[in-house]
Amino acid sequence: MQEIQKFYHAECNESERLQSQSGQIEYITTMKYLEMYCQRDMDVLDACAGGGIYAFPLADAGCQVTAGDLIDVNVEHIKSEDLKNPKLKHIYQGSVLDLSCFEDKSFDVVLNLGSYYHLCDETDRQKSLAETLRVLKNGGIYVIAYINRCANYMAHFREFQSNYSFLVNYMHNGFIEGSSLFYSTTPEMIEADLQNQNLKILHHIATDGPIFIYRDIVEKMSTSDFDAFMELHLAHCDKKSNLGYSEHGLIIAQK
């Protein structure tokens with residue numbers, strides 16, 4: 001957990017990452033599917049809320065949003081933003097591994113948009129699924145994001161090619177040996193994890209496609225070209241043939 005804390009303190013502002021034009025691909029795509037299922041007056045738990053990039057729009061849409069995060073600077077940012085214009089139901093700091101502050105079946109929708117790909121330990125990943133699902137109502141909607149192992153291999157191939165054993169270990173384990181910061185999976189593996197939790201998969205989405213190939217191109221697009229690009233992306237992002245090369249994936253499931 002210390003490595004994750006250090007990363008978000010020193011290196012990464014999740015909200016800023018999603019505000020760049022290339023980052024908007026993931027954000028717009030995720031919001032499209034959240035808006036399909038997060039209806040007015042629903043109780044929504046954003047259990048890995050970051051700086052509140054999804055929590056605040058969902059509250060604006062009329063959802064009763066509880067937002068939490070492991071990282072203290074993220075929680076302080078959410079609190080400061082909410083203080084300007086209060087709209088969130090509750091804000092807390094905590095881990096998805098322990099949601100004991102919430103009763104069983106408390107929420108209509110649970111968002112797990114970060115913890116799964118920060119847990120390199122298999123036991124912790126399974127506990128994160130079990131605990132976030134515990135607080136989800138029967139019939140409720142579960143939303144989970146992941147990093148794609150094969151796409152990551154392609155994105156960082158130049159780093160891998162000089163050390164074949166490094167590549168083999170990464171493709172086998174899903175994380176860099178000696179680091180506990182990021183875990184990557186495959187579309188098939190995460191589907192199996194969710195089905196083992198008796199979830200029904202409703203959508204499986206290639207959230208940002210091969211962003212590692214066209215990030216610089218997207219950043220230079222005019223507004224009209226970006227809008228046309230997004231229209232094409234959204235029309236095809238739920239096609240199974242696109243899942244393997246997308247750097248980030250998103251699954252919408254039902255308990």
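By convention here, the first residue in the shown sequence is residue 1.
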Query raised in the report: Can I190 and I144 be said to form a side-chain contact (heavy atoms from CB on, under 4.5 Å), step by step?
Result: CA-CA 10 Å; I190 192 168; I144 186 168; 4.3 Å; yes

Report task. Specify whether Y27 and Y54 have parallel, tilted or perpendicular ring planes, treating 30° as the upper limit for parallel and 60° as the lower limit for perpendicular. Result -> parallel

State the [atom1]-[atom2] distance between [X] and [Y], to the nearest 0.5 angstrom.
X: Q21; Y: D225; atom1: CD; atom2: CG; result: 9.5 Å
X: D69; Y: H77; atom1: CG; atom2: NE2; result: 11.0 Å
X: S106; Y: K137; atom1: OG; atom2: NZ; result: 8.0 Å
X: L88; Y: K79; atom1: CG; atom2: NZ; result: 11.5 Å
X: L234; Y: I28; atom1: CG; atom2: CD1; result: 7.5 Å
X: H203; Y: M36; atom1: NE2; atom2: CE; result: 4.0 Å

Whether [X] side chain and [Y] backbone form a donor-acceptor pair below 3.5 Å:
X: N173; Y: N169; result: yes
X: R125; Y: C120; result: yes
X: S246; Y: G209; result: yes
X: E131; Y: L99; result: yes
X: T207; Y: H248; result: yes
X: Q254; Y: I201; result: no

Side-chain contact, heavy-atom cut-off 4.5 Å: [X] with [Y]?
X: D124; Y: L97; answer: yes
X: L194; Y: L129; answer: yes
X: Y117; Y: C48; answer: no
X: P187; Y: N148; answer: yes
X: L202; Y: I141; answer: yes
X: M31; Y: P57; answer: yes
X: I252; Y: I205; answer: yes
X: D121; Y: L119; answer: no

Query raised in the report: Is the shortest distance from a Lys or Arg side-chain nitrogen in D43 or K89 to a carboxylate oxygen in the other one below 4.0 Å?
Result: yes

Query raised in the report: Are K87 and D60 within salt-bridge range, i.e. N to O under 4.0 Å?
Result: yes

Query raised in the report: How far apart are the C-alpha atoms of T132 and Y142, what are their side-chain angles, what is the distance that settles it, and do they pass the side-chain hydrogen bond (donor to acceptor under 3.5 Å, both in side chains) test?
Result: CA-CA 9 Å; T132 48; Y142 191 70; 2.7 Å; yes

Requested in this report: Take Q126 and Q197, measure what side-chain contact (heavy atoms from CB on, under 4.5 Å) needs, and give me the verdict at the end.
Outcome: CA-CA 9 Å; Q126 296 307 316; Q197 296 286 341; 3.7 Å; yes

Report task. Tell me, with the steps shown, if L133 and V110 meet side-chain contact (heavy atoms from CB on, under 4.5 Å). Result -> CA-CA 8 Å; L133 287 168; V110 171; over 6 Å; no

Testing the basics here: between [X] and [Y], what is the closest heavy-atom pair and its distance to 0.1 Å?
X: H236; Y: N242; answer: O-ND2, 2.6 Å
X: D208; Y: E26; answer: OD2-OE1, 4.1 Å
X: M42; Y: V109; answer: SD-CG2, 4.0 Å
X: T186; Y: Y146; answer: C-CE1, 4.5 Å
X: T185; Y: M189; answer: OG1-CB, 3.2 Å
X: K255; Y: L199; answer: CA-CD2, 3.5 Å

Report task. State yes or no: do L243 and Y153 share one hydrophobic cluster built from I, L, V, M, F, W and Y residues joined by side-chain heavy-atom distances below 4.5 Å, directly or via other members? Result -> no

**Report entry** Between Y92 and F102, ring centroids under 6.0 Å
**Finding:** yes

Query raised in the report: Taking the six-membered ring for Trp, are H233 and F226 ring centroids under 6.0 Å apart?
Result: no

**Report entry** S95-D98 side chain donor-acceptor pair, cut-off 3.5 Å
**Finding:** no

Report summary line: Tested for side chain to side chain contact (heavy atoms under 4.5 Å, CB included) against L250, the lone hit among D238, T29, L113 is L113

Query raised in the report: Can you check side-chain hydrogen bond (donor to acceptor under 3.5 Å, both in side chains) on N112 and S115, steps first, answer last?
Result: CA-CA 6 Å; N112 185 348; S115 74; 2.6 Å; yes

Requested in this report: Begin with the C-alpha distance, continue with both residues' side-chain angles, and end with the deciding distance and a verdict on ring pair (Phe, Tyr, Trp, His ring centres under 6.0 Å) for H118 and F182.
Outcome: CA-CA 5 Å; H118 278 310; F182 289 110; 5.0 Å; yes

Requested in this report: Assess whether atom NZ of K105 is packed by more than 12 heavy atoms of other residues, nucleotides or ligands within 6.0 Å.
Outcome: no

Requested in this report: Verify the neighbour count for atom NZ of K239: are there more than 12 heavy atoms of other residues, nucleotides or ligands below 6.0 Å?
Outcome: yes

Requested in this report: Show the numbers, then the answer: is there a side-chain contact (heavy atoms from CB on, under 4.5 Å) between E219 and S20?
Outcome: CA-CA 8 Å; E219 288 295 343; S20 67; 3.4 Å; yes

Report task. Please assess D193 against Y116 for the test side-chain hydrogen bond (donor to acceptor under 3.5 Å, both in side chains), listing each intermediate value before the final yes or no. Result -> CA-CA 11 Å; D193 269 355; Y116 189 86; 2.6 Å; yes

